[in-house]
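This report concerns only the one structure given below.
In what follows, every heavy atom counts, from backbone to side chain, and hydrogens, waters and symmetry copies are set aside.
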Amino acid sequence: MNLLRKRHAGITRAATVGIAVLLQLAATFLVALLLQEYASWFYLVFQIFSIFLVFMLVNDGQSYKFFWVIIVLLLPVFGFFLYFMWGRKRTNSREYRRFREVTQKGQKNKHQDKDIIQEFREMHPNKAQISQLLINYGFPLYKNTAVIYYDVGEKKFAALFDDLRAAQKFIFLEYFIISEGQIWSSIKEILAEKIQEGVEVRLLFDDFGSLMINTEEFRHELAIMGVRFGIFSPIHEGTSRLTFNYRNHQKIAIIDGNIGYTGGINIGDEYANVHERFGHWKDTAVRLEGDGVWGLTCIFLEMWEFSKGYEDLDYKAYKPEYSVDTIGYVQPMADGPANNPNNPIEETYTHMINKARDYIYCTTPYLVLDQKMVSDLCRAARSGVDVRIITPRIYDKWYVYMVTVSNYGTLLKNGVKIYEYAPGFIHSKTVVSDDECAICGSINMDYRSFYLHYECGVFMSENQAVLDIRDDILGTIKKCERISYDAWKKRPLPQRMIQWCLRIFSPIL
């Protein structure tokens, strides 16, 4: 009964915001109609403005903007109003100014050891440019960091529980989704014990992703426990500017500054296959220990200050206390809509594709790519690089799956190998190339991750985790069905028509 009450509260909040958005659309459409009927000169002026807007968007060159080109062309005046309400970037808005402030503060607390850069360049001259790109965006490269890769959520949570129980000073948790169940109950029990021991606990979660649990009762319980919590972008705020569409999709856990986790795994029972949802849930994560954890900690602290809006933290109080004498390099990274038109993570993916010599393997639950990345993948395959992508056979969102399948054609025709995970839903977000480097994080290969969400991940090189990711992907392929170009072309006509229509709206799916 308690769970049903929480779900009802979440659905009510979502419905309220949905109604507010629909009312905005209706009002905007009505204004456009009234201008056309009673103020034809004004309507003509806005049509001319719409033409100039189309030229401006086309010259901008970003694939994401072509969605708005289509809207404005189909509905000149209505589309013009919609773009200025929801589509344009407000670089001088309070949100963007605040984000720049916290990231600049984060930069002051990060230092790049030049010897590490030089060492990496000598070891991997071909891949060093990928790392340098991230350094230029403010994400240092670290050594002295042990990395463990988890190929399923069950293993990640078992290790996380042990690390949480061993916490001495502080615990930071940041997740897109927190949902009721066995996993959250176990974490909550541990947090309550650690708080009683004097451990500082901070929990940051996304309001939309955690809609079903984020009730007044839930927040009251956290406060009584002593958890300092932050809610990223409450969905009832910013509906007039669609800022609720910009979500915090990051997944980070920090224990005492010495241990850090990231990957695709949220706090929910399905992520550990406690209960079955969309078949077997295949997900991944990495555990860092040592110097490189500082990069993840800074990402968390920046998002905490950005979300809270008023708290000014002393970053130095949360630095790692020890290094781990081991081989390899790690480079925690983050991205978000406030960085547009620069997208560090998308550019890193593109760089990895273009730098691949022998192979590049990817796993992603959603394959909704812009033309540039499609061209990069096809060029790599035509050049003899073994390009493989794993997507789900059992999907969680039918409309995104439809767009994913529609994107297969060009890739398959150019030699990219695509596999669908037959046992269930693959939520893993990993990339590995040439036995030299890999990425594990929260990043889907779609518009939403590259343009609309705040994301994070870890670029890795020269550690065992890179080979573990490779072996996991090759093992997963054995459980997949390979998609052939001939079979793809024989899709039923109604399916193709639906996919063709949905692709127009792919940037906002």
Side-chain angles (χ1 to χ4, degrees), residues 1-25 86 95 153 173-185 187-188 191 202-223 225 227-253 264-272 274-275 277-278 281 283 303-304 306-309 336-337 365-366 395-400 425 427 442 444 446-449 452-456 508-509:
M1 184 65 68
N2 187 43
L3 181 59
L4 289 175
R5 188 170 65 250
K6 288 182 178 180
R7 287 181 176 173
H8 182 265
I11 292 170
T12 301
R13 290 180 63 225
T16 301
V17 173
I19 292 170
V21 172
L22 289 175
L23 287 174
Q24 287 182 68
L25 289 172
W86 291 352
E95 293 89 350
L173 298 175
E174 177 184 359
Y175 286 92
F176 177 60
I177 293 173
I178 301 175
S179 58
E180 291 280 12
Q182 182 178 314
I183 297 297
W184 171 240
S185 295
I187 291 176
K188 186 168 59 174
L191 296 182
R202 295 177 187 263
L203 173 65
L204 178 61
F205 57 91
D206 185 88
D207 188 30
F208 183 81
S210 303
L211 190 63
M212 294 304 171
I213 199 174
N214 183 19
T215 62
E216 185 176 349
E217 180 183 348
F218 172 72
R219 297 188 295 272
H220 180 69
E221 183 181 22
L222 292 177
M225 285 173 57
V227 175
R228 302 180 189 180
F229 64 90
I231 305 170
F232 182 88
S233 188
I235 62 171
H236 61 277
E237 297 179 1
T239 54
S240 65
R241 293 172 285 119
L242 208 66
T243 53
F244 67 83
N245 201 31
Y246 301 148
R247 307 314 317 173
N248 181 7
H249 198 242
Q250 296 175 358
K251 291 101 177 166
I252 295 174
I265 301 169
N266 285 296
I267 297 178
D269 287 357
E270 63 269 34
Y271 295 90
V274 173
H275 73 77
R277 188 184 181 205
F278 314 121
W281 194 289
D283 219 327
M303 290 306 296
W304 178 271
F306 179 48
S307 300
K308 299 294 281 185
Y366 317 118
Y395 48 84
D396 64 336
K397 302 178 180 70
W398 71 269
Y399 49 90
V400 182
F425 183 61
H427 193 252
S442 65
N444 300 315
D446 66 359
Y447 284 100
R448 188 159 287 279
S449 276
L452 299 179
H453 280 170
Y454 290 92
E455 303 282 3
C456 68
I508 61 170
L509 293 181

Should Lys188 and Glu221 count as side-chain neighbours, where that means a heavy-atom distance under 4.5 Å?
-> yes
Taking all atoms of both residues into account, what is the closest heavy-atom pair of Phe425 and Pro365, and its distance?
-> CZ-CB, 3.8 Å
Among Arg448, Lys251, Arg247, His249, find the one that has a side-chain hydrogen bond (donor to acceptor under 3.5 Å, both in side chains) with Glu455.
-> His249
Roughly how far apart are Glu270 CD and Asp283 CG, rounded to 0.5 Å?
-> 10.0 Å
First locate atom CG of Asn214, then atom CZ of Phe229, and finally report the distance between them rounded to the nearest 0.5 Å.
-> 8.0 Å
Any idea which heavy atoms bring Ile252 and Cys456 closest together, and the distance?
-> CG1-SG, 3.8 Å
Basic-acidic side-chain contact under 4.0 Å: Glu174, Arg202 | no
How far apart are the closest heavy atoms of Phe232 and Tyr246, and which atoms are they?
-> CE2-O, 3.4 Å
Taking Ser449 for its side chain and Asn444 for its backbone only, find out whether a donor-acceptor pair lies under 3.5 Å.
-> yes
Drop me the distance from Trp281's CH2 to Asp269's CG, to the nearest 0.5 angstrom.
-> 11.5 Å
Note: Ser179 and Trp184 closest approach over all heavy atoms is O-CB, 3.4 Å
Report yes if the distance between the aromatic ring centroids of Phe205 and Phe218 is under 6.0 Å, otherwise no.
-> yes
Taking the side chain as every heavy atom from C-beta outward, state whether Leu452 and Pro337 have any pair of such atoms under 4.5 Å apart.
-> no
Please confirm whether the backbone N or O of Asn248 pairs with a side-chain atom of Asp206, one donor and one acceptor, at under 3.5 Å?
-> yes
Without swapping roles, check the side chain of Asn266 against the backbone of Gly268 for a donor-acceptor pair under 3.5 Å.
-> no
Within the 6.0 Å centroid threshold, strictly below: Phe208 and Phe176 | no
Taking atom types as modelled and ignoring hydrogens, do the side chains of Ser442 and Gln250 form a donor-acceptor contact shorter than 3.5 angstrom?
-> no
Would you say Ile177 and Ile267 make side-chain contact, with heavy atoms under 4.5 Å?
-> no
Kindly say whether Gly264 contributes a backbone atom to a donor-acceptor pair with the side chain of His427 at under 3.5 angstrom?
-> yes
How long is the gap from CD1 on Ile178 to CE on Met212, to the nearest 0.5 Å?
-> 15.0 Å
Specify the closest pair of heavy atoms between Ile231 and Leu204, including all atoms of both residues, with the distance to one decimal.
-> N-CD1, 4.2 Å
Residue pair Ala272 / Ile183: nearest heavy atoms and the distance that separates them = CB-CD1, 4.0 Å
